[in-house]
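Just so you know, ligand 1 is whichever comes first in the structure, and atom 1 is the first atom listed for that ligand.
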Amino acid sequence: MRRNFLTSYLLDILFPRFCIKCGREGLYICSDCDIFTSEAPPVCPSCGMPSIFGKTHQSCYINKKLDGLTSIWDYDSVIRDALRSIKYKGLFHITEELIERLISVMTKNPEQFTKFISLLEDKDVIITFVPIHKYKKKQRGFDQAEILANHIAILGNKKPIKLLERTRQTQSQFGLDKKERINNIKDAFSFVGEINIKKVIIVDDIWTSGATMQECCRVLKEVGIKEVWGFTLARA
Ligand SMILES: [Zn+2]
Ligand SMILES: [Zn+2]
């Protein structure tokens with residue numbers, strides 16, 4: 001998981017890290033600017049109210065919805081800037097630093113992440129991601145959710161598997177209300193994995209309304225996958 005010395009050294013020469021907030025060299029989020037990150041409390045992905053481990057409340061569960069959601073930080077301040085820098089400036093090495101931080105968040109509060117960690121370590125669980133459209137990937141050069149899924153999978157000693165394909169280009173979800181987001185993303189994914197998968201963790205960078213991830217979950221459950229858990233670095 002950890003970068004070895006040589007890779008680390010080369011990376012730092014090629015891509016010196018500067019704090020996203022204050023510009024100091026060394027880390028993307030320096031120790032002083034760490035105070036601008038806030039951890040996201042676990043909530044039910046259906047109603048957004050507090051829930052143990054981020055499990056969907058029994059009363060909120062509707063057919064083919066996510067079974068739960070794990071998010072690490074609130075999507076604001078320096079975390080928002082970090083995720084935007086990955087997506088729009090191509091600074092995807094920030095992901096590695098965020099993964100190091102995520103490990104320390106989880107170690108500090110292991111009870112909150114019990115369910116997620118047990119899924120990560122479950123041999124029946126496949127790690128996958130919310131894909132961007134292949135044209136967008138070609139244009140951007142990478143898929144940030146795929147990169148993130150690679151790192152998350154390593155934590156569980158796994159390799160991520162692509163289970164979904166974006167079959168059409170969708171309008172940006174930005175500025176749309178929840179209903180418009182659901183319509184915009186409807187039928188935008190198709191299943192490209194193998195049958196006989198039991199459980200999945202689906203990875204993305206940000207949870208906003210949840211429309212995209214719930215739609216991915218629906219497609220996964222349509223093919224018979226029993227349990228689908230969402231993971232995002234940040235939650236808006
Ligand atoms: Zn700083
Ligand atoms: Zn609920």
Side-chain angles (χ1 to χ4, degrees), residues 8 11-13 15-105 108 111-116 119 177-179 181-182 185 199-202 204 206-218 220-221 226-236:
S8 189
L11 270 177
D12 287 341
I13 290 177
F15 308 98
R17 302 185 192 192
F18 295 98
C19 175
I20 292 159
K21 190 91 184 160
C22 71
R24 197 206 300 177
E25 190 170 353
L27 290 166
Y28 290 115
I29 301 172
C30 78
S31 51
D32 288 346
C33 295
D34 190 46
I35 53 159
F36 298 108
T37 65
S38 60
E39 286 157 29
V43 297
C44 160
S46 282
C47 70
M49 297 304 284
S51 161
I52 187 158
F53 309 137
K55 205 170 168 345
T56 302
H57 297 126
Q58 221 157 27
S59 54
C60 291
Y61 187 82
I62 318 167
N63 201 15
K64 304 203 171 70
K65 291 266 182 184
L66 284 171
D67 296 280
L69 170 71
T70 297
S71 302
I72 308 297
W73 294 284
D74 293 321
Y75 184 59
D76 59 16
S77 187
V78 70
I79 292 293
R80 185 181 53 212
D81 296 344
L83 295 178
R84 283 184 180 165
S85 300
I86 295 173
K87 202 180 278 186
Y88 303 113
K89 295 184 191 159
L91 291 171
F92 55 82
H93 296 295
I94 296 176
T95 311
E96 290 157 28
E97 193 175 300
L98 292 176
I99 293 289
E100 284 163 24
R101 290 178 164 269
L102 165 162
I103 294 170
S104 70
V105 171
K108 211 173 58 192
E111 303 83 34
Q112 184 183 323
F113 298 99
T114 312
K115 172 66 185 172
F116 179 69
L119 281 171
D177 67 27
K178 186 159 186 182
K179 210 172 162 198
R181 282 169 181 256
I182 292 172
I185 208 76
K199 304 174 197 173
V200 167
I201 294 176
I202 179 155
D204 203 359
I206 309 155
W207 172 279
T208 309
S209 71
T212 306
M213 208 177 255
Q214 291 286 13
E215 176 62 11
C216 289
C217 175
R218 186 186 67 79
L220 295 173
K221 290 201 168 180
K226 292 278 174 286
E227 187 172 358
V228 181
W229 195 274
F231 174 87
T232 66
L233 281 180
R235 198 180 67 229

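Between the side chain of Thr56 and the main chain of Pro45, no donor-acceptor pair closer than 3.5 Å is present. At distances below 3.5 Å, at least one donor-acceptor pair connects side-chain atoms of His57 with backbone N or O atoms of Pro50.
Ordered by chain and number, Cys44 SG, Cys47 SG, His57 ND1, Cys60 SG make up the set of protein N, O or S atoms under 2.8 Å of the Zn ion (ligand 2).
Taking the salt bridge (Lys or Arg N to Asp or Glu O under 4.0 Å) definition, one finds that Lys179 meets it with nothing, sequence neighbours left out.
With the Zn ion (ligand 1) as the vertex, SG of Cys30 and SG of Cys19 span 120° to the nearest 10°.
Atom-to-atom distance recorded for Ser209:OG and Ile182:CD1 is 6.5 Å, nearest 0.5 angstrom.
The side-chain heavy atoms of Arg101 and Asp34, taken from C-beta on, include a pair separated by under 4.5 Å.
Heavy-atom neighbours of Lys55 NZ from other residues, nucleotides or ligands within 6.0 Å: at or below the threshold of 12.
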